[in-house]
Amino acid sequence: MFSQVILCALALSPLAAAHGKVAVITGDLGGNGTALGIKGAVVAGAGDNSKTEIDTTVFWSQKITTDGDIGYTEGGSGNNQLTDLVQSMALSGSTLPQVSSGGSVSGTFHIVTTDGAGPLEALIDTSASGKWSNASTATVSTQVPGNNGNIAAPTQRSLWARTMVKLGITKRAANVNEDYPFAVEIPAGTSCTGTISGQSNLCLVKVSNNNPAGPFGGVFAVQMGSSAATTTRVKRSAKFIQI
């Protein structure tokens, strides 16, 4: 009898998708950014999934190297576009995250709901074209907590509550609304060559939790720090020595 009750509960439990998103990014040389498709503070942090998930990137494929997969958002924006960089910069400022070869990019990963957690995988596309099959695998040096993309909601972190979730009696995709730091290393020797909407020297970084309900994560642009300032300093130093 008990097993029949459990089976009925499982059958009736909603299989709602859940979400996690890249909300804030900073390069090791400065600058700021957000993932493509992010809408900012107009999106609720806590509440019904239909209100909190609307700007979260959902990838089409669990295979992170799928070419052209920069994801889509469910809140009416549809497929993310590289030109969404313009809207991203409108939110975060005119200076994109500036990175160095061998440096890093760090930020905030917002876990919206319980299937939108870590761990994350990362790729760096030096052409900034979404050609992920040619991208370099990057190390996520500061990782987001989670197990196969899942994390218990704050109200589900007791043993009894977690058991109810596992049995399917409690709704799985509950609101989490928590921020966690993450960081991705820029491999030494990286040269960013892409151009999007007038911004040059760009790489695209893709982070994904590869959860089968999604996957969830984000794609964001970083800019290789200009060598102009360094060149100027070197010339000035050389001139000083000559004097």
Quick one: do D69 and K63 satisfy side-chain contact (heavy atoms from CB on, under 4.5 Å)? Show the steps, please.
CA-CA 9 Å; D69 188 3; K63 187 177 180 181; over 6 Å; no

T108-D179 side chain donor-acceptor pair, cut-off 3.5 Å: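 No donor-acceptor contact under 3.5 Å links the two side chains.
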
field: N80 side chain to T57 side chain, donor-acceptor N/O pair below 3.5 angstrom
entry: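 N80 vs T57: donor-acceptor pair found between side chains.
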
Q. So which of V207, L29, V99, T26 actually passes side-chain contact (heavy atoms from CB on, under 4.5 Å) with V105?
A.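 Of the listed options, the one satisfying the test is V99.
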
Task: Qualifying residue for side-chain contact (heavy atoms from CB on, under 4.5 Å) with C203, from V222, T193, L123 - done: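 In the set V222, T193, L123, the residue that makes a side-chain contact (heavy atoms from CB on, under 4.5 Å) with C203 is V222.
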
[X] versus [Y], closest heavy-atom pair with distance:
| X | Y | answer |
| --- | --- | --- |
| L36 | Q81 | CD1-O, 3.7 Å |
| F109 | V144 | CB-CG2, 3.7 Å |
| S197 | T83 | OG-CA, 3.9 Å |
| P119 | N148 | CD-N, 3.9 Å |
| D115 | A213 | OD2-CB, 3.7 Å |
| P181 | T142 | O-CG2, 3.6 Å |

Output the distance between atom [atom1] ([X]) and atom [atom2] ([Y]), rounded to the nearest 0.5 Å.
| X | Y | atom1 | atom2 | value |
| --- | --- | --- | --- | --- |
| H19 | N211 | NE2 | CG | 10.5 Å |
| Y180 | L120 | OH | CG | 12.5 Å |
| N32 | I25 | CG | CD1 | 9.0 Å |
| T56 | F216 | OG1 | CZ | 8.0 Å |
| K39 | Q87 | NZ | CD | 9.0 Å |
| I70 | D84 | CD1 | CG | 7.0 Å |

Under 4.5 Å between side-chain heavy atoms, counting indirect links through other Ile/Leu/Val/Met/Phe/Trp/Tyr residues: same cluster for [X] and [Y] or not?
| X | Y | value |
| --- | --- | --- |
| M89 | I38 | no |
| V22 | I124 | yes |
| I64 | L82 | yes |
| V24 | V176 | no |

Any donor and acceptor pair, going by atom type alone, linking the side chain of [X] with main-chain N or O of [Y] inside 3.5 Å?
| X | Y | answer |
| --- | --- | --- |
| E185 | A138 | no |
| S92 | S88 | yes |
| D28 | G103 | no |
| D125 | L204 | no |
| T139 | S141 | no |
| Q98 | L96 | yes |

inquiry  = Is there a side-chain contact between S191 and M224 in this structure, where contact means two heavy atoms from C-beta onward sitting under 4.5 Å apart?
reply    =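 No, their side chains stay 4.5 Å or more apart.
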
Any side-chain hydrogen bond (donor to acceptor under 3.5 Å, both in side chains) pairs touching residues 199-209, not counting sequence neighbours?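 Sorted result for residues 199-209: S208-N210.
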
Practice task
Give the intermediate values and the outcome of side-chain contact (heavy atoms from CB on, under 4.5 Å) for residues V219 and F59.
Solution key: CA-CA 10 Å; V219 173; F59 294 114; 3.8 Å; yes

Parallel, tilted or perpendicular: ring planes of F182 versus F220, cut at 30 and 60 degrees: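 The arrangement is perpendicular - the two ring planes meet at more than 60°.
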
